[in-house]
**Q** 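Can you read through this structure? Questions will come right after.
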Amino acid sequence: DGFVGPTQEHIFTQFKPSTHQMMFFVNSWACALLLLGLVVTGDGVRALGFVSKHPAILSKMMQFGLMSAMGQFFIFWLVRSFSALTLVTVTTT
């Protein structure tokens, strides 16, 4: 929190991305790094095997992704509209 919030605040101030643009680029980098990790460790194959054996988990994964996106939108909106300090205050009280 000591690094990410102020860095995001700086990006919002200097480059003026929308909340959706910030979410897109942060998530694109996160997906790229996750994909690299899944390939290097071989965990991606195990994860796909688990999902193929238990397809009912897909709906739970989709629900989790939707709720995560809503939370992330709120976080980026707070940083963009107010400040990183406001975000820390809201999320810790």
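None of these values were measured; they are calculated from a predicted model.
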**Q** Measure the CZ-CG distance between R46 and L38 for me, rounded to the nearest 0.5 Å.
**A**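 Reported value, rounded in 0.5 Å steps: 10.0 Å.
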**Q** Would you give the length of the straight line joining atom OG of S28 to atom CE of M23, rounded to the nearest 0.5 angstrom?
**A**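 With rounding to 0.5 Å, OG (S28) is 11.0 Å from CE (M23).
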**Q** Are side-chain N/O atoms of T86 and S83 paired as donor and acceptor at under 3.5 Å?
**A**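 Note: T86 and S83 side chains meet the donor-acceptor criterion.
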**Q** Report yes if the side chains of V90 and F82 come closer than 4.5 Å at any heavy-atom pair, otherwise no.
**A**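 They are not in contact (no side-chain heavy atoms under 4.5 Å apart), so the answer is no.
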**Q** Hey, which of L85, T91, T89 is the one that makes side-chain contact (heavy atoms from CB on, under 4.5 Å) with L87?
**A**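 Answer after filtering L85, T91, T89: T91.
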**Q** Report yes if some heavy atom in the side chain of R80 is under 4.5 Å from a heavy atom in the side chain of M22; otherwise report no.
**A**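 No, too far: nothing below the 4.5 Å cut-off.
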**Q** Given H20 and F24, is the ring pair (Phe, Tyr, Trp, His ring centres under 6.0 Å) satisfied, shown in steps?
**A** CA-CA 6 Å; H20 295 104; F24 174 78; over 10 Å; no
**Q** So, the side chain of Q14 versus the backbone of I11: is there a donor-acceptor pair under 3.5 Å, distance only?
**A**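 No.
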**Q** Is V79 close to F12 at the side-chain level, that is, under 4.5 Å between some pair of heavy atoms?
**A**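 Counting from C-beta outward, F12 and V79 do come under 4.5 Å.
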**Q** Given side chains that start at C-beta, do those of H10 and T7 come closer than 4.5 Å, heavy atoms only?
**A**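 A side-chain contact is absent here, since even the closest heavy-atom pair is not under 4.5 Å.
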**Q** CD/Q72 to OG1/T19 distance, rounded to the nearest 0.5 angstrom?
**A**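 Separation between the atoms: 10.5 Å.
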**Q** Are M61 and V51 side-chain neighbours, meaning at least one heavy-atom pair lies under 4.5 Å?
**A**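 Touching, per the 4.5 Å side-chain cut-off.
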**Q** Same cluster or not: are V39 and L33 linked, directly or through other Ile, Leu, Val, Met, Phe, Trp or Tyr residues, by side-chain heavy atoms under 4.5 angstrom apart?
**A**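 In one cluster: no.
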**Q** Nearest 0.5 Å, please: how far is CD in Q8 from CZ in F76?
**A**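 Those atoms lie 4.5 Å apart.
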